[in-house]
Amino acid sequence: MWRSHIGDIVNAYKHFSDDTPDHKAVVVFDSMWHSTEKMARAVLEGFAMKGVPVKLYDLKVDHISDIMTDVLKAEYVAVGSPTINNQMLPTVASFLCYMKGLAPKNKKAFAFGSYGWGGQSAGLVNDGLEACKFQIVMEPVKVQYIPSEAFLKELSEKVAALD
Ligand SMILES: Cc1cc2nc3c(=O)[nH]c(=O)nc-3n(C[C@H](O)[C@H](O)[C@H](O)COP(=O)(O)O)c2cc1C
């Protein structure tokens with residue numbers, strides 16, 4: 001039973017539930033050998049250059065429930081996975097499935113990921129973001145094996161230039 005700060009609490013609930021995003025970004029990834037992680041860090045850098053508060057989540061260590069707490073009020077959601085066996089990593093598929101179920105609204109999103117040959121993951125993650133009914137603001141970003149410094153710089157600049 002709340003006996004004080006009633007107005008603050010009601011306003012906080014209104015804020016959590018009104019689907020209006022805060023000006024912040026969430027970058028979520030998993031990576032086997034760090035190439036997709038390098039891309040994720042370049043995306044993080046891009047949002048920082050843009051002046052958007054941003055958090056980086058590694059699906060190997062961060063729980064999807066904790067990530068979703070931030071996603072619910074985020075304006076941007078960037079999700080990365082390498083390609084494994086013609087797919088995205090199962091951790092990323094699990095996260096996308098969970099996010100689709102919770103149906104957060106009004107998100108701008110894009111996918112990224114490293115690959116070796118077929119390179120399906122970024123496209124599949126993009127499909128997952130579309131299935132969440134997010135506005136896709138960048139074509140899926142793919143790189144074969146290890147991204148060069150030049151590629152990462154360009155990626156940061158592309159993110160910094162997003163609407
Ligand atoms: C077990 C395994 C399976 C893989 N399967 C594919 C595949 O089906 N298609 C593909 O394009 N690359 C495949 N790759 C290559 C990785 O996508 C590539 O090494 C990528 O750079 C890994 O990114 P990461 O460093 O973010 O893990 C596979 C790699 C491993 C280790």
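Quick note: numbers below take in every heavy atom, side chains included, and nothing from hydrogens, waters or symmetry partners. Read the numbers this way: they start at 1 and go in the same order the structure lists the ligands and their atoms.
Remark: minimum distance from atom 22 (C) of ligand 1 to any protein heavy atom is reached at P82 CB, 3.8 Å. Distance from atom 8 (O) of ligand 1 to its nearest protein heavy atom, with residue and atom name: N86 N, 2.7 Å. Shortest contact from atom 21 (O) of ligand 1 to any protein heavy atom: S114 OG, 2.6 Å. For atom 25 (O) of ligand 1, the nearest protein heavy atom (residue, atom name, distance) is S35 N, 2.8 Å.
Nearest-residue assignment for atom 2 (C) of ligand 1 (options I146, T83, I84, D30; heavy-atom criterion): I84. Of the candidates Y115, F112, W117, Y145, it is W117 that places a heavy atom closest to atom 6 (C) of ligand 1.
Of all atoms in ligand 1, listed by their number and element, those nearer than 4.0 Å to a heavy atom of G118 are 9 (N), 10 (C), 11 (O). Listed by atom number, the atoms of ligand 1 under 4.0 Å from G116 heavy atoms are 10 (C), 11 (O), 12 (N), 15 (C), 16 (C), 17 (O), 18 (C). Listed by number with element, the atoms of ligand 1 under 4.0 angstrom from any heavy atom of N85 are 3 (C), 4 (C), 5 (N), 6 (C), 7 (C), 8 (O). Residue contact check: G119 has heavy atoms under 4.0 Å from atoms 10 (C), 11 (O) of ligand 1.
Inter-residue side-chain proximity for K50 and L162 is flagged as met; some heavy-atom pair is nearer than 4.5 Å. In this structure, the side chains of V79 and V92 come closer than 4.5 Å at one or more pairs of heavy atoms.
The 12-atom threshold is not exceeded at CD1 of I146, counting heavy atoms of other residues, nucleotides or ligands nearer than 6.0 Å.
Classification of the Y13-F16 ring pair by plane angle, with boundaries at 30° and 60°, yields perpendicular.
Residue M32 has at least one N or O atom closer than 3.5 Å to an N or O atom of ligand 1. Checking only distances, E37 never comes within under 3.5 Å of ligand 1, N or O to N or O.
Side-chain polar atoms of Y57 and D70 form a donor-acceptor pair below 3.5 angstrom.
Seen from the ring of Y115, K142 counts as a face-on cation partner, given the 6.0 Å and 45° thresholds.
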From CA spacing to verdict: side chain to side chain contact (heavy atoms under 4.5 Å, CB included), F29, D58: CA-CA 5 Å; F29 75 97; D58 179 345; 3.7 Å; yes

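Counting heavy atoms under 4.0 Å from ligand 1, residue Q87 does not touch it at all.
Looking at R41 and E37, a side-chain N of the basic residue comes within less than 4.0 Å of a carboxylate O on the acidic one, giving a salt bridge.
Hydrophobic clustering (ILVMFWY, side-chain heavy atoms < 4.5 Å, transitive): Y145 and L152 are in distinct clusters.
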